Amino acid sequence: MQRLSLAGLAVLLHVLWADRREIIGPRLRDGAITLGILHRLEDLPVGWSDTAQEAAQYRVVPRADSARFGHVTGPLSWKRWLFLPEEVLFRAVRDDQDGGFTLSATPTAPLRAFLGVRGCDLAAIAIQDRIFAHDPAYCARREATLIIAINCLEPGGTCFCASMETGPQARGAFDLRLTEWLDAGTPSYLVESGSAAGRKLLARLPIEACTPEDQARVEQALAQAATRMGRQLDTGGLAERLAARPGHRHWQQVAARCLSCANCTLVCPTCFCSTIEDRTDLSGTTAERVRRWDSCFDLEHSYIVGGNVRADPAARYRQWLLHKLAYWHTQFGTSGCTGCGRCITWCPVGIDLTVEAAAVAGSEA
Amino acid sequence: MNAARNTARNPSRPRLAVFKFASCDGCQLSLLDCEDELLAVCEAVEIAYFPEASSAMQPGPYDIVLVEGSITTAHDRERIRRVRRSARRLVTIGACATSGGIQALRNFRDVAEFAHLVYARPEYLDTLAESTPIAAHVPVDHELRGCPIDQRQLLALLDALLRGRRPSIPSAAVCTECKRAGQVCVTVAQGTPCLGPVTQAGCGALCPGFARGCYGCFGPKEAPNTDALAVKLGELGLDPPAVRRFWHTFNAGAGAFRRAGGG
Amino acid sequence: MDGERTRRIEVGTLARVEGEGALTLRVRGDRLLDVQLRIYEPPRFFEALLRGRDFREAPDISARICGICPIAYQLGAAQAMEDACGVQVGAGLRALRRLIYCGEWIESHALHVFLLHLPDFLGMPDAVALAEAGHRDTVQAALRIRKLGNALMRVIGGREIHPVNLKVGGFWRAPDAEALQALLPDIGQATDAMLRQLDQLTRLAFPDFTVDCEFLALRHDEEYAITEGRLVSSRGIDLPLEGYDGLLTETHVRHSTALQSQRSDGGTPVHVGPLARLHLNRDRLPPELARLAGQIGLEPGCRNPFKSILARVIEVLYALGEARRLIDEYRVPEAPAIDCPPRAGTGYGATEAPRGLCYHRYTLAADGVITDAKIVAPTSVNQRQIEADLHEYAASRLDQSDERLRHGCERLIRSYDPCISCSTHFLTLNIENG
Amino acid sequence: MNATPGGADPALWLPEPWRIERVRRELSDTFTLELQPTAGGAPLRFLPGQFNMLYAFGLGEVPISISGDPEADGPLVHTIRAVGPVTEAMRRLVPGDVLGVRGPFGSCWPVSGAEAEGCDLVIVAGGVGLAPLRPAILHVLRHRQRFGQVCIFYGARTPADILYRHELRRWRGQFDLLVDVTVDRATQDWAGRVGVVPRLVEGGGYDPQHTLALVCGPEIMMRHTARALLARGVRRERIHVSMERNMKCAVGLCGHCQFGPHFVCRDGPVFRFDVIEALMTVDGL
Ligand SMILES: Cc1cc2nc3c(=O)[nH]c(=O)nc-3n(C[C@H](O)[C@H](O)[C@H](O)COP(=O)(O)OP(=O)(O)OC[C@H]3O[C@@H](n4cnc5c(N)ncnc54)[C@H](O)[C@@H]3O)c2cc1C
Ligand code: SF4
Ligand code: SF4
Ligand code: SF4
């Protein structure tokens, strides 16, 4: 572990820019800490926090210090730069002579760095890596992305990464990992590398040595943070209990409140459903296939000739929760939930996954 | 001469007609607003009847008929039947045609009183007590929502009809477009009342992009849970009359919004 | 009735106008019996359905009067509400309003000039025919200019038809300066495109026809009036907006199909629109544009309604120039809107819609509920004038063939760019046949 | 940058153009296409029960089972019922036209594995569900000696809806096959059975203890058939059914075809009944 001063953080950004990487990181926009392209150092949300999240409730508030990463997960997740909200998968041109057609796909993969990826989101990226393991465009973008993670010392009101074992320490496939440490309101950054690329990068930064005490303080703070989660989810036997209760009356009770608006699925960093639209230009000679984010809350999602499998919104909520917390284990060997809390915060009517899951898991019928 | 002009190039082009009922003209203007595609559209279809744009008005039958506006007079009630008979495919465009439009607010009031408020000699009015959508009178093949409709949806629909594809008209909520666009939810982050969660997508989540709540101009989505959202609107500080007015604007005539607003 | 044959000249559906209308001339011998501009646009009762609504809803609701000039209604309503509440927006927001209105002028005027009106002069049914008959450049210029106008509306308002960003007090969100600046090259191209068309437009043949009418428009101390001003006329009227109701009366006359506006004192019609504006505010144009107006055939005092196409051309150029200036000077305002707490009272608002003066008056209760509304669309004002013009035009041309006369009358109507959909006051008569 | 996923397949989304060689009208709304790759090249290797994604230029892509002989080097064969815009458009295709093909995808009928060796086979199909079973039947006929009793039970709505009529007749003529056909509604010229397919499995001289059952048809028909098979004593894990769900990607990443924990495109379409039995009883899964 080493230390990077605030000026050193600036060097990090400049080095990345010098490498022609687009830096995606936290920015204050429209009353939220969203993710976006950082053009200058000041784009970081200096002295802003959003940790006081609640179900259907999000506000940014000023902090007393000048922390850059003194917030948690906002409305956007990193998936929009890897699994794009909308993407052309191929274009096709009809050949006039023989009625056939020629297809071409040109996935673009700009060089990028993600700055400030938290434990929950790092886990989410790992999950999507597995889902999209064969998707050429995803893999190309993933390949071109450098990940700079950040440890969480101040969890938010809807966070429960500790329950899901994805945080508050960022673990897994990062290139660099930072911990923002405030001394009298001024931040500096403890930094570790997690890959060869990370080590190379680190070598170009003005790092300072850091003491065993520093290290101990971070570990202690992380342990502390784990006890301050706004939410928790008892995962013991959860998947089995949920899967065994597709007929539970609670599904209908949630459906009475649920808007089937799909916000929960779209903010979730692991949700991967997509739909396909094939279309042509007006002359009919060129066609393209577009993939865009879809959701199991959409009626059309379950359409087959003769009817929609999940016409009842209760069935759609059940699909979401069961997929996330039960079926995902069978499909990908992990939970589909990383405990980031977004689906709780951004559900307009405050439906809380931890509460609903506990309600179904907690009683038989 | 015009007929010759239109058919000379490609006699097999599908024939398009645009009819107007009670409306503001905005939806049909959307077609003329497709500056980049307009000439391509004219290559792909024969514009056989479109009085707003052309004085060459050819009789039916037509392959694709776009109908704007709602039915508010006895005369129009008859006219839409004739239009239907001339149409192979009839597409209603916009909130007026799909739900009765803003003028359907009369459905909850006394029209005679309305007429007196506006006109000195209301006895000359030929007007029905209700403003009704086209589908209340004749079968409709496809509908494009919105007040006004979205140009991209219009072009996509024409393209789909020309190719024989199922038009991709989403039935999901405005929220889906808001999230894809990466916008910040105005309800959760600002406490702004928004009808997005129960309104059908199609506009690209325009209003939240301008930091205001959706006012529902695309009408109710499939399975809209208006009760649950009404509770939320109350929590956000709208009093009951304000909640009722919120439901009752450009799609007040659409079943779910009508009921939600107590109509 | 008996003996002499009655000649009827009919246009069943007026084309290339917004909304649905028809025209009937009845002639007996060498006498023009009457001229009827019939409107079969069904009534939509806007003023009635605004009653009982919250004052903040008026801009969005009244916009739906017309999809072609929604800003005229959104802004007129917003300003009337601000007037009622006794607040005024600052210079920055005012400039932004003017800018989006320039967008509406550009798209609406370009639509009319090239796609609706020009085909008349060239004997074509529509713009597609123009394009096919060797005028593709012209049509493409029109599309380019409209696109820029619509882009202005979209960047500021969110969409070109019924923009979502205007509200009482200002805007929901102020546009980014970069987004507006990105339009500057397009403004340049649109201006060039317009200038390249001047030649052909100046060479158009205009019927020799002059009407002794009273022009009415807004006039502003400093600018060519668009979003606000006093009421002035070519016969010496100069009133604040509050004077509107005394100046013009709307009557529901038997022979007409609409509420008609006329001077309360003499019962005479007034003419609103680009010709009126140019007549009354020529001195507010940049000198080079005023000069250009003369060069292309709009001599000061021009009262030939057929030449309104030229007035629109000048106004497009003006709006393009204004747009450029306003974007150059644009600074993101501190707040996108001012507070506008409701209070009991009456407020007035009027703007210059592309088709002419558009007037709003609302009365509010203390809690902001609208208790009374009056909206007068420009076409509603012009209707009386159009009929008068038609009368004069046709009466002196009864020797022409039906076809020719019909065509001339249609052209005359179209030169007003009537927007029948803006028909808060228009209504359907049970038309007697026979 | 580190630990990036490997194995990206650049052609994952790209349908390959195949040219239609022959079109056979089967029924009023059902037809069979025979295709060859436009670029020449090898025939498509597939297992009975697998499917392809067929792409009609600019119109859309639909999952369609492969209906040809898995061991013949002939053309790629698909039997399709026109039910919506894409399949309608495919019905209008003529020889020479080109379709895009992605595949083959999915699991297969376990007819070539050890578990089928020496067993009695009960093959039950409803409607166009016979199409996905045809490759299995052709395989069985080719290797007839490996199996015991073979019964083919087939149900159609009306006599006019009987798919592969000539083939069924030929199979029926074969002494070592039991072929039994029923219709829901008879017409005058119909002398055969009337009634639903599940009833057929009540007959047939197969030995339930040593039977492998393959079932394909509408979901409700498969449920009833499975129940009838169970009632006769066929073991749960030896019944196989083919599921249908909306499909966009066919490779387990679009989410549409989820059926409980399963992706129908990847874990199915052919499932062992015991694996999905509980799921099949849940509405809206
Ligand atoms: C594994 C599998 C094998 C199949 N094999 C055959 C076959 O051999 N022959 C045959 O005729 N049909 C088969 N089907 C059904 C066939 O896929 C649908 O009939 C077809 O998708 C309908 O498409 P459409 O566009 O014509 O109709 P639409 O009603 O317009 O369907 C719209 C879209 O929804 C999806 N969709 C609709 N129905 C289904 C469905 N049942 N399954 C999956 N996606 C659907 C498709 O993406 C389709 O393009 C199979 C389905 C599956 C899942
Ligand atoms: S399910 Fe909710 S808490 Fe879990 S990862 Fe998704 S959005 Fe985050
Ligand atoms: S749980 Fe909440 S966010 Fe998800 S669909 Fe229901 S209402 Fe929308
Ligand atoms: S967000 Fe809602 S009100 Fe706004 S344009 Fe879209 S559908 Fe209409």
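We use all heavy atoms of the structure for the numbers below, so side chains are in, but hydrogens, waters and symmetry mates are not. Reminder, nothing fancy here: chain letters follow the sequence lines and each chain counts from 1. In this text, all values refer to a predicted model and were calculated from it rather than measured experimentally.
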Item to check | Check: B/Arg245 main-chain N/O paired with C/Arg53 side-chain donor or acceptor under 3.5 Å | outcome: yes
Item to check | Segment of C/Ile61 engaging chain B (4.5 angstrom heavy-atom cut-off) | outcome: both
Next on the checklist: Out of B/Ala53, B/Ser70, B/Ser131, return the one with the most heavy atom pairs under 4.5 angstrom to chain C.
Outcome noted: B/Ala53
Checklist outcome for this item: When the 4.5 angstrom heavy-atom criterion is applied to C/Asn150 and chain B, the contacting part is side chain
Checklist outcome for this item: The interface call for C/Ile156 against chain B, heavy-atom contacts under 4.5 Å, is backbone
Checklist entry - Any donor-acceptor pair under 3.5 Å linking the side chain of B/Ser54 with the backbone of C/Asp126? => result no
Item to check | Test item: B/Arg106 and C/Leu49 side chains (from C-beta on) under 4.5 Å apart, heavy atoms | outcome: no
Checklist outcome for this item: chain B shares the most heavy-atom pairs under 4.5 Å, among C/Glu410, C/Glu160, C/Gln140, with C/Glu160
Checklist entry - Going by heavy atoms in the side chains, are B/Cys217 and C/His162 under 4.5 Å from each other? => result no
Checklist entry - Would a distance-only check, ignoring hydrogens and angles, find a side-chain to backbone donor-acceptor pair under 3.5 Å from C/Arg146 to B/Leu32? => result yes
Item to check | Stepwise side-chain contact (heavy atoms from CB on, under 4.5 Å) test for C/Leu143 and B/Leu39 | outcome: CA-CA 10 Å; C/Leu143 294 177; B/Leu39 292 174; 4.2 Å; yes
Checklist entry - What closest approach, in Å, do C/Arg159 and B/Cys147 show between heavy atoms, and which atom pair accounts for it? => result NH2-O, 3.1 Å
Item to check | C/Tyr73 side, atom OH; B/Cys24 side, atom SG - distance, nearest 0.5 Å | outcome: 10.5 Å
Item to check | salt bridge (Lys or Arg N to Asp or Glu O under 4.0 Å) against B/Arg152, all qualifying residues, sequence neighbours excluded | outcome: B/Asp150
Checklist outcome for this item: Looking only at B/Leu206, B/Asp33, B/Leu29, most heavy-atom pairs under 4.5 Å shared with chain C are made by B/Asp33
Item to check | Spatial distance of atom NZ (C/Lys167) from atom CZ (B/Phe210) [nearest 0.5 Å] | outcome: 13.5 Å
Checklist entry - Does the pair C/Val164 and B/Tyr215 meet the rule for a side-chain contact (heavy atoms from CB on, under 4.5 Å), with working shown? => result CA-CA 9 Å; C/Val164 299; B/Tyr215 55 83; 3.7 Å; yes
Checklist entry - Which value, rounded to the nearest 0.5 Å, describes the distance between C/Asn165 atom CG and B/Arg212 atom CZ? => result 8.0 Å
Checklist entry - How about C/Ile161 and B/Gln151: do any of their side-chain heavy atoms sit closer than 4.5 Å? => result no
Checklist entry - Tell me, side chain or backbone of C/Arg136 under 4.5 Å from chain B's heavy atoms, or both, or neither? => result side chain
Item to check | Engaged part of B/Cys34 at the chain C interface, taking heavy atoms whose separation is under 4.5 Å | outcome: neither
Checklist entry - What's the shortest heavy-atom distance between B/Phe250 and C/Asp60, and which atoms? => result CZ-O, 3.5 Å
Item to check | Most chain C-contacting option - heavy-atom pairs closer than 4.5 Å, from B/Ile102, B/Ile149, B/Thr249 | outcome: B/Ile102
Checklist entry - Excluding sequence neighbours, so at least two apart, what forms salt bridge (Lys or Arg N to Asp or Glu O under 4.0 Å) with C/Asp372? => result C/Arg51, C/Arg361
